[in-house]
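These numbers come from a predicted model, not from an experiment.
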Amino acid sequence: MPSTSVLSAPPSSRWSDVGFATVARGVSTCGDFLAATALTLALQSAGAGGLAVSALLLAATLPLVLLAPLTGRLADRVDSRTLLVGAGFAQAAVCLSLAYAEHPVVIVTLVALLASGLAVTQPVLAALLPAMVRAEDLPRASAFNQTAATIGMLGGPALAGLLVGQFGTRVPLLVDAASYLALVVAGLVIRTRRGGSRSAGPAASGGERPASAWRLRHDPVLVAMVATMAAVVGALGALGVVEVFYLRETLDASATMFGVVTAAWPLGILPGAWLLARFAARFTDDTTLLWGGLVLLAVCCLMVLVGAVVPVALLVVPCWLLGGLANGGDSVLNNLLLARRVPEAARGRAFAVFGGATQGAAMVGYLIGGLAMEVAAPRPLVAACGVAGLLVVVVFVVPVARAARSDRLRRAAPDGAAGAGLPTPTPAG
């Protein structure tokens, strides 16, 4: 059984590396959302419906799911610099081709290839972060990382709207191609490296188990966390397809109000991530992080349900802000839990499994949303997402309690526990 905490970290935090990784993630995320929004606007302008939007989302998501087992192992076995530089150049080339593609089949194929590069870079950057900082600094580093992603999520759609309105879809896709070069620069300047010979054999310190011996299914706490997160994401996934029709048609929101509402959720992520970063490291019991994540997911679902019954689009804004706040806090808890419980040499695989599970669940939600839009009105579908998410949280209370109890019993066992003598995070402050 895995230890309660296997977080290994450098003797001093490399904040310059965190900064480079943060900028790279922010710029590339902005590019991702820039391309997605530009293509979505192009579909809507062409008169496409919910199925077309869901097809585009599926093309951007499926590779993240199917390639997760492979890209996770790549992140652990191949030098992180090689992967970031290679994937960055490849994504830039694909996006450059996408700017000049016209046939729908070619566009969908290129979007899938673009997502394949993302399937590589996501676990590489996620696994690098815990290797850059001390254990007590990880929540703050995660908050920086989450902030960059959120700024990218906010800036991408806004920039896409501006550029598409002025120049059409080609210019924003060319800008997106240039944004991926940030990954190349990050790969070259970040001093912290992992993968390749660095991950061979047993972990370097603390008596950690070899990476080849690690399996997520052997850790009930991580299984409960990943399963709960994926199930809630699946329940809320249809919202990604339905939201534009709910706001624009049901609530008669203007294009400006639509932008304000859709920006509210990522805007709420920022304070949520920093608020949890201040306190997360104080909770040395991993089961506390697990329960905290479940509560925050419930808040996300509740805010979606409340947002489904408001009479005007403006009232959706506070609902989405609170939902985003809970979402940002939950992301910090999840990252800390994974970093604590997974051996360093297996973290690329762990983050890929986590990302693949949540993206796969989102993909199911997109498909359901696209199909449901053909037979139901947007408002009941938004409400159904919130209700389904709350039901998922209620159902998972029992598995989470069982996982927490199993972990406590294992740590209390007199034969000790696999985690005896392993380094544990030092509480902040």
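Rounding to the nearest 0.5 Å gives a distance of 5.0 Å between CZ of Arg340 and CG of Asp286. Summarising the geometry, atom CG belonging to Leu34 is positioned 12.0 Å from atom OG1 belonging to Thr29; distances are rounded to the nearest 0.5 Å. We find the OH-CZ distance between Tyr100 and Arg170 to be 5.5 Å, quoted to the nearest 0.5 Å. In this structure, Asp32 CG and Gln91 CD are separated by 7.0 Å, a value rounded to the nearest 0.5 Å. Interatomic distance, CG of Leu113 versus SG of Cys95, reported as 11.5 Å (0.5 Å rounding). From Thr262, atom OG1 reaches atom CE of Met257 across 10.5 Å, with rounding to the nearest 0.5 Å.
When atom types are taken as modelled, the side chain of Thr358 and the backbone of Gly355 share a donor-acceptor pair closer than 3.5 angstrom. Checked by atom type and distance alone, the side chain of Arg349 never pairs as donor or acceptor with a backbone atom of Ala75 at under 3.5 Å. With hydrogens and angles ignored, the 3.5 Å screen pairs a side-chain donor or acceptor of Ser28 with a backbone N or O of Arg25. Between the Asp17 side chain and the Ile190 main chain, no donor and acceptor come within less than 3.5 Å of each other. Panel note: side chain Arg193, backbone Ser80; no donor-acceptor pair is recorded below 3.5 Å. In this structure, Asn327 contributes its side chain and Ile269 its backbone to no donor-acceptor pair below 3.5 Å. Put simply, the side chain of Thr71 gets close to the backbone of Ala119: a donor and an acceptor are under 3.5 Å apart. Between the side chain of Thr147 and the backbone N or O of Ala143 there is at least one donor-acceptor pair closer than 3.5 Å.
Here the two rings, on Trp15 and Phe20, have centers that are 6.0 Å apart or farther.
Side-chain N/O atoms of Asp137 and Ser13 include a donor and acceptor closer than 3.5 Å. Judged by distance alone, the side chains of Trp320 and Glu243 do bring a donor and an acceptor atom under 3.5 Å apart. At a cut-off of 3.5 Å, with distance as the only test, a side-chain donor of Asp176 or Ser179 sits close to an acceptor on the other residue. Using a 3.5 Å distance cut-off with no hydrogens or angles, the side chains of Thr192 and Arg14 do pair a donor with an acceptor.
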Test log, rule side chain to side chain contact (heavy atoms under 4.5 Å, CB included), inputs Leu336 and Leu276: CA-CA 11 Å; Leu336 184 56; Leu276 264 293; over 6 Å; no

May I have the step-by-step check of side chain to side chain contact (heavy atoms under 4.5 Å, CB included) for Leu236 and Cys301, ending in yes or no? CA-CA 8 Å; Leu236 299 182; Cys301 300; 4.2 Å; yes

Begin from the C-alpha positions of Val27 and Tyr180 and carry the test side chain to side chain contact (heavy atoms under 4.5 Å, CB included) through to its verdict. CA-CA 8 Å; Val27 172; Tyr180 288 112; over 6 Å; no

After noting the C-alpha distance and the side-chain angles of Leu183 and Leu125, does the key distance pass the side chain to side chain contact (heavy atoms under 4.5 Å, CB included) rule? CA-CA 10 Å; Leu183 293 171; Leu125 287 173; 4.1 Å; yes

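When all heavy atoms of Ala403 and Leu290 are compared, the closest pair comes out as CB-CD2, 4.4 Å. Heavy-atom minimum distance, Val241 versus Phe245: O-CD1, 3.3 Å. Ala350 approaches Leu338 most closely through the heavy-atom pair CB-CD2, 4.3 Å. What you find for Val304 and Val382 is that their closest heavy atoms are CG1-O, 3.7 Å. Nearest heavy atom pair, residue Leu114 against residue Val94, reads N-CG1, 3.9 Å. Smallest separation of non-hydrogen atoms from Val316 and Gly307: CG2-O, 4.0 Å.
Residues Asn335 and Leu129 are not in side-chain contact: their nearest non-hydrogen atoms beyond the backbone lie 4.5 Å or more apart. Looking at heavy atoms from C-beta onward, Val295 lies out of side-chain contact with Trp291 at the 4.5 angstrom threshold. With a 4.5 Å cut-off on side-chain heavy atoms, Leu39 and Leu98 count as touching. Residues Met225 and Leu294 are not in side-chain contact: their nearest non-hydrogen atoms beyond the backbone lie 4.5 Å or more apart.
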